[in-house]
Participant: 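Pasting in a structure now, in structure tokens, and then I'll have a few things to ask.
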Amino acid sequence: MTVDLKLNVSDVKVIQEELLNWYQIHKRDLPWRKNRDPYRVWVSEIMLQQTRVDTVIPYYERFMKQFPTLQDLAQAPEEKVLKAWEGLGYYSRARNLHTAVKEVAEKYNGKVPDDPKKISKLKGIGPYTAGAILSIAYNRKSPAVDGNVMRVFARLFALKDDIALAATRKKMEAIAEQIIPVDSPGDFNQSLMELGATICTPIGPQCLFCPVHAVCNAYKQGIQEELPYKKRAKPPQKVSVLFLGVTCGNQFLIEKRAERGLLKGMWSLPTLENMKEDQAETDLLPICKEWGFLIRDMRKIGNLEHIFSHRHWKITLITIDLQEKPRDFSSNWKWIRQDQIKEFAFPTAYRKAIDMLF
DNA sequence: AACCCGTGGCC
DNA sequence: TGGCCAAGGGT
């Protein structure tokens with residue numbers, strides 16, 4: 001692929017040398033930088049997708065303690081993996097990682113492939129993650145263009161492309177191809193990301209401390225704060241939902257969510273979505289009757305809110321105590337003892353609601 | 001291409 | 001408070 005952007009050869013040299021030197025001195029001591037084990041790099045890259053370093057660190061430490069090797073993860077039951085992921089969000093990442101790790105264990109004898117075509121076919125490994133693993137773990141020259149790199153490039157070369165577009169990422173990858181030094185692609189890719197995370201930040205970049213500000217076009221023009229350009233995201237849609245805390249003696253009712261959509265396949269409280277704000281609680285009684293609930297007590301506990309990236313739940317939490325368990329019930333339901341609650345992986349919205357109940 | 005998919009921190 | 005952001009991938 002050719003790029004219309006012509007990179008100045010001497011600038012490229014400056015960028016390579018300055019960034020590598022700077023990275024050597026300023027790189028953070030992060031747990032996934034202890035060694036270059038492809039499995040460890042892989043897990044870190046998946047956890048770091050759309051997730052901050054500070055958030056990931058404790059999850060990564062626990063995960064590696066529980067699943068030290070690729071084989072350990074491959075042999076683990078999915079519920080253990082999801083439990084280790086509880087609270088991290090984007091739970092498909094955990095399932096895809098588990099699926100892909102099992103595939104590597106079986107098809108590649110436990111060795112993470114270093115072939116771009118093979119590694120890219122694994123579940124959950126897209127263009128960025130493939131490039132990151134290949135460059136960091138195998139020192140192969142391959143672009144790893146994430147949000148940091150796009151921001152750094154947008155400023156370095158004063159690019160006004162919308163970084164939300166797929167075409168822009170491809171353009172950035174083409175630029176990366178021209179800049180990555182063959183000798184140390186892993187360190188160079190990481191230096192770009194490290195710079196974006198610590199100096200070339202989205203707001204208030206510290207250009208005076210930047211090792212490449214002398215060759216930065218945005219800095220020269222004083223437009224570093226305006227870049228990168230990104231189309232505004234739509235605000236999350238507000239939805240009223242009911243969470244039901246259903247008990248019967250010391251038994252507690254949990255529900256497995258549908259296999260598609262938000263929080264797919266995750267354990268939850270019985271949830272009534274798409275309810276009209278004011279009708280929700282009046283609609284509840286007939287539904288309970290339909291479910292064969294013999295109600296001993298029902299009361300509203302309170303309201304809470306939970307904001308996903310594209311959905312805003314206005315939650316009403318209601319407890320329902322039953323005289324006896326209904327004879328037949330939804331196949332998504334499971335009665336558990338209250339002391340078993342901690343064994344299941346609940347998304348944060350439900351974990352917080354459950355904490356209000358017990 | 002546009003939308004879906006979590007969470008927490010910051011101002 | 002609302003908006004924005006963070007080492008993206010799947011569909």
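Note on naming: letters A, B, ... go to the chains in the order of the sequence lines (proteins, then strands), and numbering restarts at 1 for each one.
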Participant: Can you tell me how far C1' of C:dT1 sits from NZ of A:Lys238, to the nearest Å?
Facilitator: 10 Å

Participant: With sequence neighbours excluded, what pairs up with A:Thr55 under the side-chain hydrogen bond (donor to acceptor under 3.5 Å, both in side chains) test?
Facilitator: none

Participant: Heavy atoms only, 4.0 Å cut-off, all strands: where does A:Ala166 land among base, sugar-phosphate and nothing?
Facilitator: sugar-phosphate

Participant: A:Tyr138: what forms a ring-ring contact (aromatic ring centres under 6.0 Å, His included) with it, not counting sequence neighbours?
Facilitator: none

Participant: Under the ring-ring contact (aromatic ring centres under 6.0 Å, His included) test, which residues partner A:His26, sequence neighbours left out?
Facilitator: A:Trp22

Participant: Rounded to whole Å, how long is the line connecting atom CE of A:Met47 with atom C1' of C:dG9?
Facilitator: 17 Å

Participant: Determine, using the 4.5 Å side-chain heavy-atom cutoff (strictly less than), whether A:Tyr90 and A:Val81 are members of one ILVMFWY cluster.
Facilitator: no

Participant: Give the rounded distance in Å between these two atoms: CD1 of A:Ile199 and C1' of C:dA6.
Facilitator: 17 Å

Participant: As a test of reading the structure: which of C:dA7, C:dG3, C:dC4 is closest to the side chain of A:Pro235, going by heavy atoms?
Facilitator: C:dG3

Participant: Name all residues meeting the ring-ring contact (aromatic ring centres under 6.0 Å, His included) criterion together with A:Phe188; count only those two or more places apart in sequence or in a different chain, and write none if there are none.
Facilitator: none

Participant: Rounded to whole angstrom, note down the P distance from B:dC5 over to C:dA7.
Facilitator: 23 Å

Participant: Which residues within residues 112-123 of chain A lie with some heavy atom under 4.0 Å of an atom in DNA chain B?
Facilitator: none

Participant: Can you run down the salt bridge (charged side-chain N to carboxylate O under 4.0 Å, His left out) pairs that involve residues 349-358 of chain A, sequence neighbours left out, and say none if there aren't any?
Facilitator: A:Glu86-A:Arg351

Participant: Within the 3.5 Å criterion, strictly below it, is a donor on A:Asp72 or A:Thr69 matched to an acceptor on the partner's side chain?
Facilitator: yes

Participant: What is the separation between atom CD on A:Glu45 and atom P on C:dA6, rounded to the nearest whole Å?
Facilitator: 16 Å

Participant: Tell me the interatomic distance from A:Tyr229, atom OH, to C:dC5, atom P, rounded to whole angstroms.
Facilitator: 12 Å

Participant: Check each residue of residues 28-39 of chain A for a non-hydrogen atom within less than 4.0 Å of any atom in DNA chain B, then write out the ones that pass by number, or none.
Facilitator: none

Participant: Could you tell me which residues satisfy side-chain hydrogen bond (donor to acceptor under 3.5 Å, both in side chains) with A:Gln16, sequence neighbours excluded, listed by chain and number?
Facilitator: none

Participant: Mind checking if A:Ser44 touches a base, just sugar-phosphate, or nothing, with heavy atoms under 4.0 Å?
Facilitator: nothing

Participant: Whole-Å distance between C:dC5 C1' and A:Lys230 NZ?
Facilitator: 7 Å

Participant: Starting at the 5' end of DNA chain C and moving along, which residue's nearest nucleotide shows up first, A:Pro127 or A:Pro202?
Facilitator: A:Pro202

Participant: With the sugar-phosphate defined as primed atoms, P, OP1 and OP2, and the base as all remaining atoms, what B/S/- string results for nucleotides 4-11 of chain B, 5' to 3', for protein heavy atoms under 4.0 Å?
Facilitator: SBBBB---

Participant: For A:Trp313, what residues pass the ring-ring contact (aromatic ring centres under 6.0 Å, His included) criterion, not counting sequence neighbours?
Facilitator: A:Phe243, A:Phe308

Participant: Distance check, C1' atoms only: C:dC4 and B:dG6, in whole angstrom units.
Facilitator: 15 Å

Participant: Rounded to the Å, how far apart are A:Arg169 CZ and B:dA1 P?
Facilitator: 11 Å

Participant: Under the side-chain hydrogen bond (donor to acceptor under 3.5 Å, both in side chains) rule, collect the residues that match up with A:Arg36, sequence neighbours excluded.
Facilitator: A:Asp187

Participant: Can you tell me how far the CD atom of A:Gln49 sits from the CG atom of A:Asp146, to the nearest 0.5 Å?
Facilitator: 10.5 Å

Participant: Rounded to whole Å, please give me the gap between CD in A:Glu173 and C1' in C:dG9.
Facilitator: 13 Å

Participant: Side-chain heavy atoms under 4.5 Å apart, restricted to Ile/Leu/Val/Met/Phe/Trp/Tyr: what other residues fall into the cluster of A:Tyr219, or is it alone?
Facilitator: A:Leu208

